[in-house]
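Take a look at the structure below.
Predicted model only: the values in this text are computed from it and were never measured.
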Amino acid sequence: AKTFPAPTKAANFGANNIAVATSQFDRADQLTGKFDHTFAEWWRANLSYLHYGSREPGENWFGTVSSPAQWLLARKVDATQINNLFTLNSSTVLSVRYGYNRFPNDNYQTSLGFNPATLGFASSYVAAQQRPTFPNVTMQTFSSLGVNNNQFDVYSSRNFMAGLSKFMGKHSLKMGFDYRRMRISGTTYGNNSGLFTFTDVFTRANAASATAGTGSDLASLLIGAPEAVESFVGTQLY
C-alpha cells in the first residue's frame, strides 16, 4: 500500500483523488551495410547486414515500482545475407544465396528485478519466481497495481536458395532450390510474481452480502486477505 502515490486532491471515500499525466519516450535505430566484391570475372558476391532496434513504452502513470501499465517492449532484429553469382559459361548462370535473421522480443515490466521478499513473501515462494517483478494486484475500487507483461521470445529463420539459368538460342531453362527454416523459442512468464485480487468481501459487516458503509478492498489488502491468488511458472517454448 505504501507504493500508492499521494493524492492530488481531496475527495470523498471511494471517489477519485488523484489526477496524473504520463509521457512516453520511444526510440528506434536502424543500420544497414553492404559489401560487394568481384573475386573473378566469373564470380561476383555481396554481403549485407541490417540491424534494427527499438524500445516501445507503455504508460507509467504513477512513476513508482507498482505503477499500472508499466510495460516496455524491446525489439532487436539482425538480418544477414550473402549472394553469389557464378557465370559458368557464356550461356549458363548460377546464383547461390544464404540468409539468417534473428528477431528477439523482450516484453517486460519496468519493475523487472524487484525483490518480492520486501513485501513479506516466503523465501521459497520468491525462489520459484523466474523473472521477479512487482506482483499484479487487482483492486475492486482502488487503482490496481502492477501489470502482466513478462515474456521473452526469439524468432529466427534460415534460408538457402540456388538457381540455375541456361540460355539455348531463343529458349531458356531455369531450375532452382529453395530451403527455409523458421523457428520460435522463448518463455511466457505471465504473472510469475503472482496475481492477487482484493475485494471488500472479507472486511464488510456481512461476508455473504454487501453492507453499506462497510468493507474495502484496501482494508482487505492491509490485513492480507485476497479473494483470489494465482501464480504462473513458464516453460520454454520451442
Side-chain angles (χ1 to χ4, degrees), residues 2-6 8 16 18-34 47-81 99-119 121 126 128-139 142-159 180-198 230-238:
K2 292 181 180 179
T3 67
F4 277 109
T8 60
N16 292 333
I18 184 172
V20 294
T22 182
S23 61
Q24 295 171 293
F25 173 76
D26 188 10
R27 175 171 179 166
D29 299 292
Q30 182 170 312
L31 173 68
T32 304
K34 185 180 180 184
L47 173 68
S48 62
Y49 169 74
L50 181 145
H51 171 79
Y52 171 85
S54 67
R55 174 188 175 277
E56 303 172 19
E59 297 82 10
N60 193 346
W61 294 107
F62 296 163
T64 64
V65 71
S66 66
S67 182
Q70 47 148 315
W71 57 267
L72 285 172
L73 174 58
R75 298 177 182 269
K76 188 172 73 170
V77 180
D78 291 292
T80 58
Q81 65 174 355
Y100 175 72
N101 305 317
R102 188 175 185 272
F103 179 16
N105 258 1
D106 194 1
N107 197 357
Y108 61 97
Q109 302 180 38
T110 56
S111 68
L112 185 64
F114 176 79
N115 182 9
T118 60
L119 299 178
F121 290 113
V126 175
Q129 298 177 15
Q130 298 156 301
R131 292 220 305 185
T133 62
F134 192 92
N136 192 351
V137 180
T138 301
M139 306 292 282
F142 277 71
S143 174
S144 296
L145 302 174
V147 64
N148 175 17
N149 278 78
N150 207 347
Q151 181 172 345
F152 180 75
D153 296 316
V154 178
Y155 304 86
S156 62
S157 67
R158 302 173 187 269
N159 60 83
R180 300 171 187 260
R181 181 181 181 184
M182 291 170 283
R183 183 175 185 266
I184 176 174
S185 63
T187 305
T188 297
Y189 300 95
N191 287 309
N192 190 227
S193 292
L195 169 61
F196 301 85
T197 302
F198 292 94
E230 66 178 64
S231 187
F232 185 91
V233 177
T235 301
Q236 186 171 9
L237 172 67
Y238 291 94

In chain order, what residues pass the ring-ring contact (aromatic ring centres under 6.0 Å, His included) check against Phe196, with sequence neighbours excluded?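 By the ring-ring contact (aromatic ring centres under 6.0 Å, His included) rule, Phe196 matches Phe121.
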With Tyr100 via ring-ring contact (aromatic ring centres under 6.0 Å, His included) - residues at least two apart: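 Partners of Tyr100 under the ring-ring contact (aromatic ring centres under 6.0 Å, His included) test: none.
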Which residue pairs pass the salt bridge (charged side-chain N to carboxylate O under 4.0 Å, His left out) test with at least one member in residues 105-114, sequence neighbours excluded?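 As it turns out, the salt bridge (charged side-chain N to carboxylate O under 4.0 Å, His left out) pairs with a partner in residues 105-114, which skip direct neighbours, are Asp106-Arg131.
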According to the salt bridge (charged side-chain N to carboxylate O under 4.0 Å, His left out) rule, which pairs have a member within residues 68-78, sequence neighbours left out?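 As it turns out, the salt bridge (charged side-chain N to carboxylate O under 4.0 Å, His left out) pairs with a partner in residues 68-78, which skip direct neighbours, are Glu56-Arg75.
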Who pairs with Asp26 by salt bridge (Lys or Arg N to Asp or Glu O under 4.0 Å), at least two apart in sequence or on another chain?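 So Asp26 forms no salt bridge (Lys or Arg N to Asp or Glu O under 4.0 Å) with any residue.
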Ignoring hydrogens, what is the shortest heavy-atom contact between Pro116 and Ser193? Give both atom names and the distance.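 In terms of heavy atoms, the two residues are closest at CG-OG, 4.3 Å.
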Provide the closest heavy-atom pair for Ser231 versus Gly194 in the form atom of the first, atom of the second, distance.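 Taking every non-hydrogen atom into account, OG-N, 4.1 Å.
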State the [atom1]-[atom2] distance between [X] and [Y], to the nearest 0.5 angstrom.
X: Asn150; Y: Leu112; atom1: CG; atom2: CG; result: 6.5 Å
X: Gln129; Y: Phe114; atom1: CD; atom2: CZ; result: 9.5 Å
X: Asn105; Y: Phe152; atom1: CG; atom2: CZ; result: 8.5 Å
X: Asn159; Y: Asn101; atom1: CG; atom2: CG; result: 6.5 Å
X: Asn107; Y: Gln151; atom1: CG; atom2: CD; result: 6.5 Å
X: Ser185; Y: Asp153; atom1: OG; atom2: CG; result: 8.0 Å

Mind checking side-chain hydrogen bond (donor to acceptor under 3.5 Å, both in side chains) for [X] and listing every partner two or more places apart, or none if nothing turns up?
X: Asn148; result: none
X: Arg181; result: none
X: Gln109; result: Ser111, Thr133
X: Ser144; result: none

Non-hydrogen side-chain atoms of Pro68 and Val147 separated by less than 4.5 Å: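 No, side chains not in contact.
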Determine whether Pro5 and Val20 make a side-chain contact, defined as any pair of heavy atoms from C-beta on separated by less than 4.5 Å.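 Side chain of Pro5 against side chain of Val20, heavy atoms only: no contact under 4.5 Å found.
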Under the side-chain contact (heavy atoms from CB on, under 4.5 Å) rule, what do Arg55 and Phe25 come out as? Steps first, then yes or no, please. CA-CA 8 Å; Arg55 174 188 175 277; Phe25 173 76; 3.9 Å; yes
Sequence neighbours excluded, which residues qualify as side chain to side chain contact (heavy atoms under 4.5 Å, CB included) partners of [X]?
X: Gln81; answer: Ser48, Asn83
X: Thr3; answer: Val65, Ser66, Phe134, Leu145
X: Glu59; answer: Thr22, Gln24, Trp61, Ala69

Counting only N and O atoms by type, is there a donor-acceptor contact under 3.5 Å from the side chain of Ser67 to the main-chain atoms of Phe62? yes
